[in-house]
Asks: 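Just dropping this structure here.
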Amino acid sequence: MSILENAKQTVQGAAQAAMKKAIALAPDSWLPGGQPDPLIRQQHGLIGAPVSRLDGPLKVRGQAPFAAEFPLDGMVYAAIAFSAVAKGRIAALDLAAAEAAPGVVLVMTHANTPRLQPMPLFLTAEKAAGGDDLPVMQDDRIHWNGQPIAVVLAETQEQADHASSLIRATYEAEPATIAFAEAKAQGTEPGQFMGQPLKLEKGDAEAALAASPVSVDATYVTPRHNHNPIEPHAATLAWDGDRLLLHDASQAVAHTAWSLAQVFGIEEKQVRVTSPFVGGGFGSKTLWQHQVLGAAAAKLAGRPVRIALSREGMHRMIGGRTLTEQRVAIGAQPDGRFEAIIHTGTVAMTRHNALPEPFILPTRSAYAAGSLKLDVEVAYMDMLANTFMRAPGEAVGTFALECAIDELAAKLGMDPVELRIRNEPERDPVEGTPFSARHIVEAWRAGAERFGWSRRNPTPGAVRDGEWLVGLGCATATYPYYRMPGGAARLTLTRDGRVRVEIAAHEMGMGTATAQSQVVAERLGLPLEAVSFAYGDSSLPGVVLAGGSQQTAAIGAAVAAAHRVLVAELLQLAGNDSPLAGLKPEEVGGLDGGLAGLEEPARRESYASILARAGREAVVAEASAPPPLETQHWSMHSHGAMFCEARVNRITGEPRISRFLGSMDCGRILNAKTAASQFRGGIIMGLGLALMEETQFDERKGRIMNPSLAEYHVPVHMDVPEIDVIWTDIPDPHAPMGARGVGEIGITGTGAAVANAIFNATGRRVRDLPITLDKLL
Amino acid sequence: MPMRINGAEAALPPDPRVSLLDLLRETLHLHGTKKGCNQGACGACTVLLDGERILSCLTLAVQCEGRSVTTIEGLGGEQGLHPLQEAFIEHDAFQCGYCTPGQICSAVGMAAELRRGVPSLVTADLDAPGIAPDPAELRERMSGNLCRCGSHNGIIAAIAAHCAGAAE
């Protein structure tokens with residue numbers, strides 16, 4: 001990042017700080033969420049019901065269309081050739097054999113790619129979606145090992161793949177920074193995240209640590225990770241004149257449409273992005289160079305293009321989670337009270353991406369401590385841009401923090417659950433704001449009871465079962481409530497008592513359409529069958545990222561806003577002849593297919609009757625959600641108490657997970673079935689983080705060495721025990737529907753719970769992930 | 001001799017490099033069979049070849065001459081869903097749905113292996129005529145089908161419920 005950019009961010013940061021203070025001090029009633037969502041009062045009905053996925057029948061038949069499954073007339077297939085050096089320039093590209101190969105329509109390189117603007121880098125503008133801001137095949141420069149250097153279009157995928165293999169590149173390589181130690185030696189810079197420095201000091205933590213009667217101080221290391229959704233990144237796209245239609249695998253359709261418009265110098269409305277189904281994203285399915293290259297090649301060739309990445313291609317050009325090296329030191333009194341928490345360290349990133357893995361985020365709000373010192377430093381490397389992956393920051397930050405707490409508990413001779421409860425803060429430890437709803441202690445108590453925590457033997461290595469050592473461990477899971485600006489929705493209520501919801505949101509497996517249909521049905525007082533939910537299309541209202549576990553809140557707030565408009569319009573149409581006459585919009589809600597007074601439900605008129613009397617077939621209401629100021633007025637976080645039983649083979653060192661429980665506090669649960677799957681999914685990815693996942697980076701060549709699912713190991717059925725999940729289900733009074741997000745929290749805390757269980761089983765403290773058997777021998 | 005796909009005749013492709021997976025998806029537009037890795041590591045492309053589960057990405061279409069392929073589209077039939085498809089919905093055995101057709105085809109093939117008494121690493125009694133579909137057997141035998149959303153518990157529960165129902 002340039003000095004200018006740093007200065008700009010600092011100014012933005014100062015303005016934001018002043019605004020933040022004002023919002024923190026404002027009366028509750030001024031804020032979104034100041035009046036609890038009326039839906040919170042309804043304790044029975046569709047909200048929380050374990051409704052099976054509405055798209056289930058489509059998915060089990062294989063009929064749900066994914067991005068690489070839209071056939072277009074005259075479509076050609078793309079294949080990509082990748083750089084084999086980390087830095088330098090392309091000296092020569094021999095394309096003759098590729099161009100002469102059967103079926104080839106176009107070979108595109110930096111020599112003939114149309115002039116393009118770089119992708120707007122994610123988080124640098126409201127709708128910026130780019131994973132990097134490098135020139136996309138505009139010159140001969142190489143920025144990372146694996147950068148696209150040519151795109152081949154051919155009549156079939158086989159022809160494109162073969163022709164691409166015939167391209168011969170020679171490079172003038174330049175010295176590259178591809179070893180982490182070398183990058184650190186060149187000097188680090190403070191990480192900046194969303195305009196704020198990832199640095200914070202409260203009191204003199206180092207002095208407090210030194211003065212503490214009991215302390216721990218250790219370094220934890222986490223490797224690179226790749227999202228590896230089972231559906232590879234793909235786009236099927238076509239130009240119609242200067243209008244672009246792109247069927248994408250996307251968790252950001254509106255962002256992608258706007259960003260592609262910037263790249264090609266056209267109007268936002270000239271780009272339409274659809275993404276009805278996404279085969280897993282986890283943070284990876286934003287805008288990367290392949291969509292840009294596919295669209296550029298389609299323009300040159302005058303043909304629609306399918307650009308579907310190979311599994312190797314995903315590892316070459318879709319960024320993952322970067323590595324971290326974290327120091328956690330905690331100083332405590334003999335009774336366990338924390339005097340100091342220090343959480344500092346270094347991450348690797350490039351100069352062309354937006355995410356210094358913010359591992360200190362969980363430490364900002366998790367515990368009370370007399371003093372705090374938090375700092376993320378960045379070391380710059382010549383590599384593929386890293387990016388957001390499920391719980392960026394928290395997933396790896398909680399590994400270090402929660403292992404350190406376990407180490408401290410062992411030193412104090414205290415139960416690790418009690419140690420955590422003893423350090424519960426009363427207000428947000430950094431911001432000083434009140435908590436919106438924090439019930440982690442209830443979650444700890446319920447979880448400990450259900451898991452049988454009291455039967456744990458605190459002495460490491462003491463429990464044996466044949467050749468297996470058995471141990472129990474726990475950790476806190478934590479993830480913030482986010483709601484990003486830009487949410488908007490359109491409701492169309494028809495005289496037959498049906499409602500259509502339209503919003504540019506996403507379904508990547510979270511169960512969005514199902515849970516939100518339940519909410520809308522409940523809000524309008526309609527049966528579930530009367531609701532249809534349209535999403536996954538940038539031409540619909542709203543800018544809604546499926547990220548930060550915020551989509552539920554973003555949709556909820558947007559629909560609530562549109563609902564208020566709808567109700568006002570309906571009351572106006574109902575007029576003075578209605579039992580509703582005289583009631584204000586905030587005094588009525590949906591009930592049994594109509595509107596009714598919240599306090600006087602007998603005053604009710606059906607939607608059909610209101611519309612018929614007004615001579616209307618339908619009412620359309622569209623509105624934007626208010627800005628998400630609630631997060632600056634209250635400290636809003638979800639939590640979980642994670643419990644793990646690990647078994648380690650005394651002879652081979654093999655670690656296995658035999659039991660796991662997540663006891664969650666995430667506000668109101670909207671669908672018990674799909675939410676349980678989200679929790680389990682996060683926990684299982686956390687088991688991968690703990691035991692097997694590592695993107696291996698060759699520090700001699702800067703190349704990823706295991707770009708396949710055969711060598712990048714994710715948990716398989718044999719690795720996954722029955723995972724128990726329970727939740728407090730206590731609504732958050734300041735969140736739409738009382739619900740905070742559930743998509744990411746499962747991966748947080750899990751790595752530490754596993755490591756702590758392995759310590760309890762073996763007495764071995766492994767501080768570098770993944771915990772493979774060689775580290776336990 | 002052509003092959004049969006879900007009962008209908010299908011011509012072999014002129015290009016011998018075409019995998020069964022790409023023939024299904026790109027020529028026949030049977031997109032239910034998914035491409036996850038195209039190198040036999042993820043199981044998303046699993047189909048049944050003469051009733052046995054195979055990876056269609058590692059199978060050349062021309063190898064299937066004269067043989068019978070069943071894909072996810074051919075499991076349910078006209079009447080509706082296959083009982084295993086129903087069980088997947090009931091047990092929330094998927095989230096994004098991308099690995100799902102492969103999991104289901106794989107489970108159908110696996111259930112037949114259990115009935116035939118084909119042993120696995122975790123089978124205790126190698127002489128038993130049929131093998132009980134207990135969770136350890138199911139997990140071992142389904143481990144070639146990756147799921148990244150983390151629906152493993154639901155998948156095993158759905159298969160176990162289906163096997164139990166089929167045995168009644």
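Labels below follow one simple rule: chain letters A, B, ... track the order of the sequence lines, proteins then strands, and each chain is numbered from 1.
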Asks: Please identify, among B:I104, B:L138, B:D92, the residue contributing the most non-hydrogen atom pairs under 4.5 Å to chain A.
Replies: B:D92

Asks: By the definition side chain to side chain contact (heavy atoms under 4.5 Å, CB included), identify the one residue from B:N153, B:I156, B:I155 that meets it with A:V720.
Replies: B:N153

Asks: At a 4.5 Å cut-off on heavy atoms, which part of B:S143 comes close to chain A: side chain, backbone, both, or neither?
Replies: both

Asks: I need the minimum non-hydrogen distance between A:I230 and B:L146, along with the two atoms involved.
Replies: CD1-CB, 4.0 Å

Asks: Tell me, side chain or backbone of B:E90 under 4.5 Å from chain A's heavy atoms, or both, or neither?
Replies: both

Asks: Please classify the contact of B:A93 with chain A as side chain, backbone, both or neither, using a heavy-atom distance under 4.5 Å.
Replies: neither

Asks: In Å, rounded to the nearest 0.5 Å, how long is the span from NE2 of B:H91 to OG of A:S52?
Replies: 9.5 Å

Asks: For residues A:G280 and B:C96, report the shortest heavy-atom separation together with the two atoms involved.
Replies: N-CB, 3.4 Å

Asks: Looking at B:R148 and A:E693, does any basic side-chain N land under 4.0 Å from a carboxylate oxygen?
Replies: yes

Asks: Return yes if some donor-acceptor pair links the side-chain N/O of A:R680 with the main-chain N/O of B:G150 below 3.5 Å, else return no.
Replies: no

Asks: Tell me the closest heavy-atom pair linking B:L81 and A:V60, and the distance in Å.
Replies: CD2-CG2, 4.0 Å

Asks: Which region of A:A710, side chain (C-beta onward) or backbone (N, CA, C, O), has a non-hydrogen atom less than 4.5 Å from a non-hydrogen atom of chain B, or is it both or neither?
Replies: both

Asks: Between CZ of A:R53 and CD1 of B:I89, what distance do you get to the nearest 0.5 Å?
Replies: 11.0 Å

Asks: Tell me, side chain or backbone of B:D22 under 4.5 Å from chain A's heavy atoms, or both, or neither?
Replies: side chain

Asks: Using the rule given for side chain to side chain donor-acceptor pair (under 3.5 Å), can you reason through A:E722 versus B:H152, listing the C-alpha separation, both sets of side-chain angles and the distance that settles it, and then say yes or no?
Replies: CA-CA 9 Å; A:E722 188 71 33; B:H152 303 76; over 6 Å; no

Asks: Where does B:R17 contact chain A at under 4.5 Å (heavy atoms): side chain, backbone, both or neither?
Replies: both

Asks: Only one of B:H29, B:K34, B:K35 passes side chain to side chain contact (heavy atoms under 4.5 Å, CB included) with A:E69; say which it is.
Replies: B:K34

Asks: Supply the atom-to-atom distance A:I684 CD1 to B:S151 OG, rounded to the nearest 0.5 angstrom.
Replies: 7.5 Å

Asks: Does any heavy atom of chain B fall under 4.5 Å from the side chain of A:F277, the backbone, both, or neither of them?
Replies: neither

Asks: Chain B heavy atoms under 4.5 Å from A:S310: which part of the residue, side chain, backbone, both or neither?
Replies: neither

Asks: For A:F679, is it the side chain, the backbone, both, or neither that has a heavy atom closer than 4.5 Å to a heavy atom of chain B?
Replies: neither

Asks: Which pair of non-hydrogen atoms, one from A:M508 and one from B:C149, has the smallest distance, and what is that distance?
Replies: O-SG, 4.4 Å

Asks: So how far is it from B:D15 CG to A:Q159 CD, rounded to the nearest 0.5 Å?
Replies: 7.0 Å

Asks: Can you tell me how far apart CZ (A:R61) and OG1 (B:T100) are? Round to the nearest 0.5 Å.
Replies: 13.5 Å

Asks: Non-hydrogen atoms of chain B under 4.5 Å away: do they reach the side chain of A:V278, the backbone, both or neither?
Replies: backbone

Asks: With side-chain contact (heavy atoms from CB on, under 4.5 Å) as the test, would you mind laying out the steps for A:E158 and B:V18 before giving the verdict?
Replies: CA-CA 7 Å; A:E158 290 81 4; B:V18 175; 3.6 Å; yes

Asks: Can you tell me which portion of A:P721 sits under 4.5 Å from chain B's heavy atoms? Options are side chain, backbone, both or neither.
Replies: backbone

Asks: For B:Y98, is there any backbone N or O sitting under 3.5 Å from a side-chain donor or acceptor partner on A:E231?
Replies: no

Asks: Measuring heavy-atom distances to chain B, does A:A234 have an atom under 4.5 Å in its side chain, in its backbone, in both, or in neither?
Replies: neither

Asks: Counting heavy-atom pairs under 4.5 Å to chain A, which of B:A136, B:G32, B:G97 comes out on top?
Replies: B:G97

Asks: Just so I understand: if I count every heavy-atom pair under 4.5 Å between each of B:A41, B:S19, B:G43 and chain A, which residue has the most?
Replies: B:A41

Asks: Step by step, work out the side-chain contact (heavy atoms from CB on, under 4.5 Å) result for B:R139 and A:V716.
Replies: CA-CA 8 Å; B:R139 287 191 183 116; A:V716 303; over 6 Å; no

Asks: Does a sphere of radius 6.0 Å around CG in B:D125 hold more than 12 heavy atoms from other residues, nucleotides or ligands, not counting ones at 6.0 Å or beyond?
Replies: yes

Asks: At a heavy-atom separation under 4.5 Å, does A:Q678 approach chain B through its side chain, its backbone, both, or neither?
Replies: both

Asks: May I ask you to test the A:K59-B:Q95 pair for a side-chain heavy-atom distance under 4.5 Å?
Replies: no

Asks: Give, as side chain, backbone, both or neither, the part of A:P57 having an atom under 4.5 angstrom from any heavy atom of chain B.
Replies: both

Asks: Starting from the C-alpha separation in whole Å, work towards a yes-or-no answer on side-chain contact (heavy atoms from CB on, under 4.5 Å) for A:Y77 and B:E26.
Replies: CA-CA 11 Å; A:Y77 293 81; B:E26 304 304 329; 2.6 Å; yes

Asks: Any chance you could measure A:L709, atom CG, to B:Q39, atom CD, to the nearest 0.5 Å?
Replies: 7.0 Å

Asks: For A:P232 versus B:G36, what's the shortest heavy-atom pair and its separation?
Replies: CG-O, 3.5 Å

